[in-house]
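So the structure is just underneath, and the comments pick up after that.
FYI, the numbering just counts along the sequence from 1.
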Amino acid sequence: MSSLPLAAPSRRRRSVRHTLDVRVSPYAYVAPFFLLFCAFGLFPLAYTAWVSLHDWTLLSEEHTFVGLDNFATLLGDGYFWNATFNTLSIGVLSTVPQLLLAIWLAHLLNRRLRWQTLFRISLLLPNVTSVVAVVVIFSQLFGRDFGLINWVLSWFGVGKIEWAAGTATSHIALSTMIMWRWTGYNALIFLAAMQAVPRELYEAATIDGASSFTQLRRITIPMIRPTIIFVVIVSTIGAMQIIAEPLLFGMSSGSGGGAVSGGPDRQFQTLALFVYEQGFTKFDFGYASAASWLMFLVVVVIATVNYLLTRRMRGGLA
């Protein structure tokens with residue numbers, strides 16, 4: 001009986017430790033992420049907003065508060081709207097075909113095939129390839145005089161196209177590079193979602209005489225809708241932040257000093273490249289910060305619209 005008073009405090013201590021472990025430890029596990037996010041995510045975002053309200057250049061030690069003047073000037077800047085159009089154009093040309101092709105490839109690889117693992121691994125090769133190597137190779141393929149693309153088009157009577165010189169042609173060339181790099185990556189994400197679809201649904205559809213395309217449209221796409229929403233949003237955000245491809249494409253195509261401006265006529269300058277030009281070429285960080293915030297708002301609006309449209313996709317496919 002004398003051991004009971006000693007056992008009670010021991011049970012209370014175990015109960016306290018158990019309560020701390022269950023209720024407190026999860027917050028301790030996720031705390032490092034939130035600390036890093038605050039340090040490298042929220043703080044730069046807030047500081048950029050503060051800089052955007054000033055006439056902030058590296059050429060002067062004084063940073064005059066100008067309020068919303070940078071935003072007002074930016075909304076009247078034709079170069080900014082040109083960069084916005086280029087970004088949207090390249091984003092649509094690269095994202096829509098890329099996602100459709102990724103779903104189709106995932107649907108093919110979801111079947112029983114020989115060397116299935118080899119095909120799946122090969123889809124990742126474009127994604128792990130250096131973006132510099134990708135742009136250099138594709139710049140040669142789209143070359144005016146000795147490019148493979150123009151050589152093939154010459155079979156059909158099409159003259160030599162200077163892909164980097166025009167707006168539409170440069171957007172097609174850049175979209176092709178982006179599609180080549182990211183289609184396989186997105187296909188593997190779709191494939192992982194397709195693996196969770198019950199096989200019995202496909203077997204029943206096959207017995208009912210449904211074709212492969214009908215199974216894809218009626219079974220696969222509705223079942224993996226959450227994954228499609230995720231990939232669409234991530235791809236949209238990535239498309240709105242394109243900078244490496246147009247920058248390197250301008251260098252490889254011989255634009256020289258026009259590489260940062262997206263060609264001599266700014267025909268393929270994206271929003272991210274516009275921000276880079278203002279901040280690290282003209283050293284106008286106040287103006288660049290304002291452009292960054294407007295770019296952030298554009299990304300949020302486009303991603304939200306894509307999310308709402310994709311949510312309605314199931315009803316349209318039914």
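For the pair D208 (side chain) and A210 (backbone), a donor-acceptor distance under 3.5 Å is absent. At distances below 3.5 Å, not a single donor-acceptor pair connects side-chain atoms of S170 with backbone N or O atoms of F268. For the pair W293 (side chain) and L45 (backbone), a donor-acceptor distance under 3.5 Å is present. The backbone N or O of Q278 sits nowhere less than 3.5 Å from a side-chain atom of T281 that would complete a donor-acceptor pair. Although no hydrogens or angles enter the test, the distance criterion places no donor-acceptor pair under 3.5 Å between the side chain of N186 and the main chain of Q98. With hydrogens and angles ignored, the 3.5 Å screen pairs a side-chain donor or acceptor of R120 with a backbone N or O of L109.
You'll find the ring centres of F37 and F43 outside the 6.0 Å limit.
Proximity of N150 to W163: side-chain heavy atoms (C-beta onward) are separated by under 4.5 Å at one or more points. With a 4.5 Å cut-off on side-chain heavy atoms, T236 and I233 do not count as touching. Side-chain contact between F85 and T167 is present, with heavy atoms from C-beta onward closer than 4.5 Å. Side-chain contact between T95 and M179 is absent, with no heavy-atom pair separated by less than 4.5 Å. Contact of the K160 side chain with the D145 side chain is registered, since non-hydrogen atoms from C-beta on lie closer than 4.5 Å. Proximity of L124 to Y185: side-chain heavy atoms (C-beta onward) are separated by under 4.5 Å at one or more points. Within the 4.5 Å cutoff, no side-chain heavy atoms of L174 are placed close to those of L93. With a 4.5 Å cut-off on side-chain heavy atoms, T87 and I242 do not count as touching.
Checking H54 against S289 by side-chain atom types alone, no donor-acceptor pair falls below 3.5 Å. Of the N and O atoms on the side chains of N86 and Q267, not one donor lies less than 3.5 Å from an acceptor on the other residue. A donor atom on one side chain and an acceptor atom on the other are not found under 3.5 Å apart for N70 and W56.
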Requested in this report: Show your reasoning for whether ring pair (Phe, Tyr, Trp, His ring centres under 6.0 Å) applies to Y47 and W50.
Outcome: CA-CA 5 Å; Y47 189 70; W50 172 252; 8.3 Å; no

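Hydrophobic clustering, with ILVMFWY side chains joined whenever heavy atoms are under 4.5 angstrom apart, groups V152 together with F138. M295 and L68 end up in the same hydrophobic cluster when Ile, Leu, Val, Met, Phe, Trp and Tyr side chains are linked at under 4.5 Å. Note on I302 and F274: same hydrophobic cluster, where clusters join Ile, Leu, Val, Met, Phe, Trp and Tyr whose side-chain heavy atoms are under 4.5 Å apart, directly or indirectly. Note: the hydrophobic cluster containing F249 also contains W182 (ILVMFWY, side chain heavy atoms under 4.5 Å, direct or indirect links).
Counting non-hydrogen atoms of other residues, nucleotides and ligands closer than 6.0 Å to CH2 of W104 gives a total of 12 or fewer. More than 12 heavy atoms of other shown residues, nucleotides or ligands fall within 6.0 angstrom of atom CZ in F65.
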What side-chain donor-acceptor pairs closer than 3.5 Å can you find for residues 199-206, not counting sequence neighbours?
residue, atom, partner, partner atom, Å
Y202, OH, T220, OG1, 2.7
T206, OG1, Y202, O, 2.8
T206, OG1, Q215, NE2, 3.2

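For the atom pair CG (L105) and CG (N110), the distance works out to 12.5 Å, reported to the nearest 0.5 Å. To the nearest 0.5 Å, the span separating CG on L188 from CE on M194 amounts to 11.0 Å. With values rounded to the nearest 0.5 angstrom, F296 atom CZ is found 10.5 Å from Q241 atom CD. The structure places CG of L294 at 8.5 Å from OG1 of T84, a figure rounded to the nearest 0.5 Å. For the atom pair CZ of F190 and CG of L101, the computed distance is 10.5 Å after rounding to the nearest 0.5 Å. Interatomic distance, CD1 of I189 versus OG1 of T227, reported as 8.5 Å (0.5 Å rounding).
Within the structure, salt bridge (charged side-chain N to carboxylate O under 4.0 Å, His left out) contacts touching residues 226-240 (residues at least two apart or in different chains) do not occur.
The two residues S261 and G263 come nearest to each other via the heavy atoms OG-O, 3.3 Å. Looking at every heavy atom in both residues, S292 comes nearest to V275 through OG-CG1, 3.3 Å. When every heavy atom of M223 is checked against every heavy atom of P198, the shortest pair comes out as CE-CD, 4.1 Å.
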